[in-house]
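The structure displayed is predicted, hence computed values, not measured ones. Lettering follows sequence order; numbering is per chain, from 1.
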Number of protein chains: 2
Amino acid sequence: MGLSESMKVLAEPIRRQIIERLKTGPKTAGEIASSFDLTNATVSYHLKLLKQAGFITETKDKNYIYYSLNSTVFEDILTWIYQVGGKNDHAEK
Amino acid sequence: MGLSESMKVLAEPIRRQIIERLKTGPKTAGEIASSFDLTNATVSYHLKLLKQAGFITETKDKNYIYYSLNSTVFEDILTWIYQVGGKNDHAEK
DNA sequence: TATCTATTTAGAAATATTTCTAAATAGATT
DNA sequence: AATCTATTTAGAAATATTTCTAAATAGATA
């Protein structure tokens, strides 16, 4: 929900890698899990955090849950960085 | 040094608040510590992490150490966010 | 030189996070 | 209905992080 949550979620390399995988389109939890050396349960845990922070959304189809990237959530982080980073070419919401 | 380190450092609200304080100019460790309900030792620990990640630099003057903001380090984060966030108005280095 | 002041370091306790295995859920297929 | 498949949840173990107190450092002042 807040900036801390977003940052904390992005701090873990695995979660950034999941986000990168989803850049090419929606994937099932299984597909995501099999690209990492982690159990499905662990990947499920990371997906939950990503979902809670709003970085991904899910849609169900048959037996599968497809995860998709939601890029709008990056806005708050950009806004904060531009504020402290002293840049001024970033439009306000 | 890497993106994970930067993100991890920014994930903690206290450290973002320290960065925000430094936006108005260099401050001593003591000045920073007295604006938070934390011991000097704890603030020193956070300053060390911020320094390691390159967000701040220090200069010594007499008995004091002044900490200053180094905003160039935000670039890598911006680059990553623009890549996954699908924005394309951010110049490459 | 002795002491004061600002800050850091060491080490321990408290807390939080990540990962695993095993079990649970729930929808699809036979 | 029984079973299979994809995924999540629960709970525990391993690991990492934050915070504190007490001690150390090191430069400044008396």
Side-chain angles (χ1 to χ4, degrees), chain A residues 1-22 24-70 77, chain B residues 1-22 24-70 77:
Chain A
M1 275 250 156
L3 199 52
S4 292
E5 191 187 10
S6 308
M7 294 283 198
K8 206 164 275 182
V9 162
L10 294 183
E12 211 50 31
I14 297 114
R15 292 192 287 258
R16 288 201 308 282
Q17 284 169 33
I18 291 173
I19 287 175
E20 285 160 10
R21 293 275 195 293
L22 293 178
T24 60
K27 306 225 170 344
T28 65
E31 285 172 329
I32 296 165
S34 61
S35 27
F36 298 101
D37 189 20
L38 294 172
T39 63
N40 280 25
T42 298
V43 170
S44 187
Y45 160 76
H46 290 299
L47 289 172
K48 190 174 76 180
L49 297 188
L50 283 163
K51 191 169 42 176
Q52 279 171 358
F55 289 110
I56 60 176
T57 56
E58 58 178 53
T59 57
K60 296 182 185 184
D61 181 24
K62 287 189 174 175
N63 225 7
Y64 302 89
I65 300 176
Y66 281 90
Y67 286 96
S68 315
L69 198 55
N70 173 29
I77 301 176
Chain B
M1 278 248 155
L3 199 52
S4 292
E5 192 188 9
S6 309
M7 293 283 196
K8 207 165 274 183
V9 163
L10 294 184
E12 212 50 31
I14 297 113
R15 292 191 289 258
R16 288 202 309 282
Q17 284 168 33
I18 290 174
I19 287 175
E20 286 161 10
R21 292 274 196 294
L22 292 178
T24 60
K27 303 223 170 347
T28 66
E31 285 173 330
I32 296 164
S34 62
S35 28
F36 298 102
D37 189 18
L38 295 171
T39 64
N40 281 25
T42 298
V43 170
S44 186
Y45 161 75
H46 289 300
L47 289 171
K48 190 175 76 181
L49 297 188
L50 283 163
K51 191 168 43 176
Q52 278 171 0
F55 288 111
I56 61 177
T57 58
E58 59 179 50
T59 57
K60 296 181 186 186
D61 182 24
K62 288 188 175 178
N63 225 6
Y64 301 90
I65 299 176
Y66 281 90
Y67 286 97
S68 315
L69 200 54
N70 173 29
I77 302 175

Base-paired stems in DNA chain D, each at least three Watson-Crick or G-U pairs under 3.5 Å: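 Stems found: C:1-30 with D:1-30.
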Measure from [atom1] on [X] to [atom2] on [N] and round the result to the nearest Å.
{"X": "A:F36", "N": "C:dT19", "atom1": "CZ", "atom2": "P", "result": "11 Å"}
{"X": "B:K60", "N": "D:dA26", "atom1": "NZ", "atom2": "C1'", "result": "9 Å"}
{"X": "B:L47", "N": "C:dT8", "atom1": "CG", "atom2": "C1'", "result": "10 Å"}
{"X": "A:E58", "N": "D:dT8", "atom1": "CD", "atom2": "P", "result": "7 Å"}
{"X": "A:Y66", "N": "D:dT8", "atom1": "OH", "atom2": "C1'", "result": "18 Å"}
{"X": "A:L38", "N": "D:dT8", "atom1": "CG", "atom2": "P", "result": "14 Å"}
{"X": "B:N40", "N": "D:dT21", "atom1": "CG", "atom2": "C1'", "result": "13 Å"}
{"X": "A:D61", "N": "C:dA26", "atom1": "CG", "atom2": "P", "result": "19 Å"}

task: Kindly indicate whether the side chain of A:L10, heavy atoms from C-beta on, has any atom under 4.5 Å from the side chain of A:I19.
output: yes
task: Determine whether B:F36 and B:H46 make a side-chain contact, defined as any pair of heavy atoms from C-beta on separated by less than 4.5 Å.
output: no
- prompt: What distance separates A:L69 CG from A:E20 CD, expressed to the nearest 0.5 Å?
  reply: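 Taking CG in A:L69 and CD in A:E20, the distance rounds to 10.0 Å.
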field: Euclidean distance, A:K8 NZ relative to B:E12 CD, rounded to 0.5 Å
entry: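 Here the interatomic distance stands at 5.0 Å.
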Shortest non-hydrogen contact from [X] toward [Y]:
{"X": "B:R15", "Y": "B:V9", "value": "NE-O, 2.7 Å"}
{"X": "A:L47", "Y": "A:A29", "value": "CD1-CB, 3.8 Å"}
{"X": "A:E31", "Y": "A:S35", "value": "O-OG, 3.3 Å"}

query: Taking only side-chain nitrogens and oxygens of A:T39, does any of them come within less than 4.0 Å of OP1 or OP2 of C:dT21?
result: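 Answer is no, no contact under 4.0 Å.
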field: Heavy-atom neighbours of A:Y64 OH exceed 12 at 6.0 Å
entry: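 No, not enclosed.
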- prompt: Across the strands shown, which category fits A:A29 at heavy-atom distances under 4.0 angstrom: base, sugar-phosphate, nothing?
  reply: sugar-phosphate
- request: Could you check whether B:Y67 gets within reach of a base, just the sugar-phosphate, or nothing at all, counting any heavy atom under 4.0 Å?
  value: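 Sugar-phosphate, backbone atoms only, no base.
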- prompt: Which residue, B:Y64 or A:D37, contacts DNA chain C at a nucleotide closer to its 5' end, judged by nearest heavy atom?
  reply: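 Its nearest nucleotide being more 5', the pick is B:Y64.
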Counting only side-chain heavy atoms from C-beta out, which of [options] sits nearest to [X]?
{"X": "B:A41", "options": "D:dT8, D:dA28, C:dA10", "answer": "C:dA10"}
{"X": "A:T28", "options": "D:dT7, C:dT9, D:dA6", "answer": "D:dT7"}
{"X": "A:N63", "options": "C:dT7, C:dA28, D:dT9", "answer": "C:dA28"}

message: Check whether A:K60 reaches the backbone of A:E58 with its side chain - one donor and one acceptor, N or O, closer than 3.5 Å.
response: no
Can you check nucleotides 15-18 of chain D for protein contacts, nitrogen or oxygen pairs under 3.5 Å, and list what you find?
from: D:dT18; atom 1: OP1; to: B:E12; atom 2: OE1; distance (Å): 3.2
from: D:dT18; atom 1: OP1; to: B:R15; atom 2: NH1; distance (Å): 3.4
from: D:dT18; atom 1: OP1; to: B:R15; atom 2: NH2; distance (Å): 3.0
from: D:dT18; atom 1: OP2; to: B:R15; atom 2: NH1; distance (Å): 3.3
from: D:dT18; atom 1: OP2; to: B:Y45; atom 2: OH; distance (Å): 2.7

message: Which residue is it: A:N70, A:I32, A:L49, A:L22? I am looking for the one with a side-chain contact (heavy atoms from CB on, under 4.5 Å) to A:I56.
response: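 Between A:I56 and the candidates, side-chain contact (heavy atoms from CB on, under 4.5 Å) is satisfied uniquely by A:L22.
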